[in-house]
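See below for the structure under consideration.
Since this is a predicted model, take the numbers as computed values, not measurements.
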Amino acid sequence: MSSILPARQARPYRHAADLPKEAWRALLQNEPAANVILPFAKKSLNSPRGGHSEQLWIVLYDDANNVEFVLSCTKGPLGNYPIFIVACKSSTQLAQEERRGRNLADSLLPLVLCLLKEVPPQRVFSVFSIAKVTEKFAEIFEAHTRQKYGIQALKNTYYDATFTFCTSETLKKSSGPIFCLPGSEDVVIGLRRADMSHLKELKAMCKAFSETSWPFILDDAGAELEARMLITNQQVWVHMVQKRDKNRRLRAWLLPPESRTTSWRFPRSSQQSTGGATAVRHDSYTAILQKKKRVVLYVGNSDALASARKVYHKVGFQGLDGPQGQQVKDVDRWLEIGFKGTTLGYW
């Protein structure tokens, strides 16, 4: 009699409190990469029950009953989030398993089928995960929805980024003054959380930043709502630099690591090209790393963001300066692929 191996199982959960202990353990053990799912899941633990929940998590177990992937299909204040998938293994480990004959498609197919049972296919407007997972998920999802619903994976990615990190060990020592302005080194520098007095400027920056993040463009109301939420949740820092001789104040904004918008935002100013950006980041990350083990973020891989990658490398973020294809532990390429024929959300 031939033996039959147990199949992979995808199990859906409509409330964060119902997620099993092994799913939480898997997310916490992969906490840096799980920042697309974990913070929202924690906040949802005390959300009310009853009625049809718009929140969904799917846990995929491998044939040894270990958690292999955690998928989220959730809704935030500004609309539906993309499909986020956290792999419990790095892209390097997944590649090694594929070379040993373990097919990634065999793991992702149950996720796709379970997702299609739980939500309309038009809800899945994009997927964001490590590159191998995103590409394979998009291929399988299109294969199961194109003929019946006309859904197609877009050729041009919504987002192509390097997931990188900085720790107190990798943070490079600042050389010279913390911030240097041409023509004057007489400055006053302050770093603190933003408050409602910064709402107007932060709203403008949220809107301007969204315009660089097609197709997730905010109108005025959406930009103000996002700015208010960031301030209320204490998720944004303001770095002020005041020149004594000109009585002029410049601001840079640091947004939280748990969202795609982890980024510095400078007002339109010549300071973007003075080298001050590196020093400002260094100062702020030094303060953050006094309380946190590491700072993680996504840095876009486009040519237009080459200067940003250079700045983050100078600060101490890893895997941003090596030859293409060079592997650095805990650094991965992440992709967001969108789907034609779906209803766009926001993140």
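- Side-chain contact between R14 and Q55 is absent, with no heavy atoms from C-beta onward closer than 4.5 Å.
- Applying the ring pair (Phe, Tyr, Trp, His ring centres under 6.0 Å) test to every pair with at least one member in residues 8-40, sequence neighbours left out, gives these pairs: F40-Y81.
- Nearest heavy-atom pair across V59 and A23 is CG2-CB, 3.8 Å.
- By the criterion of side-chain heavy atoms lying less than 4.5 angstrom apart, applied directly or through intervening Ile, Leu, Val, Met, Phe, Trp or Tyr residues, L335 is not grouped with L154; the two fall into different hydrophobic clusters.
- Using a 4.5 Å heavy-atom cutoff, the side chains of W57 and T74 are in contact.
- Scanning all heavy atoms of the two residues, the minimum distance from L71 to C73 falls at CD2-N, 4.2 Å.
- For the pair L104 and E98, the minimum side-chain heavy-atom distance is below 4.5 Å.
- Heavy-atom neighbours of D219 CG from other residues, nucleotides or ligands within 6.0 Å: above the threshold of 12.
- Remark: F165 CZ to L297 CG distance equals 11.0 Å, nearest 0.5 Å.
- Side-chain atoms of V296 and F163, non-hydrogen and from C-beta on, do get closer than 4.5 Å to each other.
- Screening V299, V295, V331 for a side-chain contact (heavy atoms from CB on, under 4.5 Å) with F317, the sole residue that qualifies is V295.
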Please step through side chain to side chain donor-acceptor pair (under 3.5 Å) for the pair S126 and E336, ending with a clear verdict. CA-CA 6 Å; S126 73; E336 181 184 9; 2.7 Å; yes
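- Proximity of a side-chain donor or acceptor of R309 to a complementary backbone N or O of G300 within less than 3.5 Å is detected.
- Among the candidates Y158, Y149, F141, the single residue satisfying the ring-ring contact (aromatic ring centres under 6.0 Å, His included) test with F339 is F141.
- Using bins of under 30°, 30° to 60° and over 60° for the plane-to-plane angle, the ring pair F216/Y346 lands in the perpendicular bin.
- With contacts defined as side-chain heavy-atom distances shorter than 4.5 Å, the pair L56/P12 qualifies.
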Before you tell me yes or no, could you show the steps for L320 and K310 under side chain to side chain contact (heavy atoms under 4.5 Å, CB included), namely the whole-Å CA-CA distance, both residues' side-chain angles and the distance that decides it to 0.1 Å? CA-CA 7 Å; L320 299 177; K310 185 176 180 180; over 6 Å; no
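- Between the OG1 atom of T145 and the CD1 atom of I140 there is a distance of 11.5 Å, given to the nearest 0.5 Å.
- For residues 15-42, the salt bridge (charged side-chain N to carboxylate O under 4.0 Å, His left out) pairs, not counting sequence neighbours, are D18-R49.
- Rounding to the nearest 0.5 angstrom, the gap separating the CD1 atom in I151 from the CD atom in E142 is 9.5 Å.
- The OH atom of Y298 lies 13.0 Å from the CG atom of D160; values are rounded to the nearest 0.5 Å.
- Pairing each heavy atom of I130 with each of A87, the nearest pair is CD1-CB, 4.0 Å.
- With hydrogens and angles disregarded, no donor-acceptor distance shorter than 3.5 Å links the side chain of S47 to the backbone of K43.
- Residues H313 and Q318 are not in side-chain contact: their nearest non-hydrogen atoms beyond the backbone lie 4.5 Å or more apart.
- Under the 4.5 Å side-chain heavy-atom criterion for Ile, Leu, Val, Met, Phe, Trp and Tyr, I217 and L230 are members of distinct hydrophobic clusters.
- Heavy atoms only, all atoms of each residue included: A10 and P110 are closest at CB-O, 3.5 Å.
- The hydrophobic clustering, which links ILVMFWY residues whose side-chain heavy atoms are closer than 4.5 Å, places W214 and V127 together.
- With a 6.0 Å cutoff to the six-membered ring centre and a 45° limit on the axis angle, R11 counts as a cation-pi contact of Y61.
- Between I85 and T134, every side-chain heavy-atom pair lies at or beyond the 4.5 Å cut-off.
- The main-chain N or O of Q93 is found under 3.5 Å from a side-chain atom of S90 such that the two form a donor-acceptor pair.
- Legend: residues meeting ring-ring contact (aromatic ring centres under 6.0 Å, His included) with F84, ordered by chain and number and at least two apart, are W347.
- A donor-acceptor pair shorter than 3.5 Å cannot be found between the side chains of S91 and R333.
- The hydrophobic cluster containing V119 also contains L60, counting ILVMFWY residues as joined when their side-chain heavy atoms lie under 4.5 angstrom apart, directly or transitively.
- Within the model, atoms CD of E68 and CG of L111 stand 8.5 Å from one another, a figure rounded to the nearest 0.5 Å.
- Residues W334 and V328 fall within the same hydrophobic cluster, defined by Ile, Leu, Val, Met, Phe, Trp and Tyr side chains chained together at heavy-atom separations under 4.5 Å.
- In this structure, the side chain of R294 does not engage the main chain of C166 through any donor-acceptor pair within 3.5 Å.
- Side-chain contact between K207 and E224 is absent, with no heavy atoms from C-beta onward closer than 4.5 Å.
- The backbone N or O of M229 lies less than 3.5 Å from a partner atom in the side chain of N233, making a donor-acceptor pair.
- Using modelled atom types, one side-chain atom of D62 and one backbone atom of N65 make a donor-acceptor pair closer than 3.5 Å.
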Would you check, one step at a time, whether the test side chain to side chain contact (heavy atoms under 4.5 Å, CB included) holds for V70 with I37? CA-CA 8 Å; V70 180; I37 290 180; 4.3 Å; yes
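- Considering all non-hydrogen atoms of both residues, R193 and H198 come closest at O-CE1, 4.5 Å.
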Given R123 and T343, is the side chain to side chain donor-acceptor pair (under 3.5 Å) satisfied, shown in steps? CA-CA 6 Å; R123 163 63 182 84; T343 303; over 6 Å; no
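- The nearest pair of heavy atoms linking V86 to A34 is CG2-CA, 3.7 Å.
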Determine, stepwise, if the pair T232 / M196 fulfils side chain to side chain contact (heavy atoms under 4.5 Å, CB included). CA-CA 8 Å; T232 300; M196 287 300 172; 3.6 Å; yes
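- Separation of atoms OG (S129) and CD1 (I337) is listed at 10.5 Å; rounding is to 0.5 Å.
- At a threshold of 4.0 Å, the pair E226-K203 does not count as salt-bridged, since none of the basic side-chain nitrogens sits closer than that to a carboxylate oxygen.
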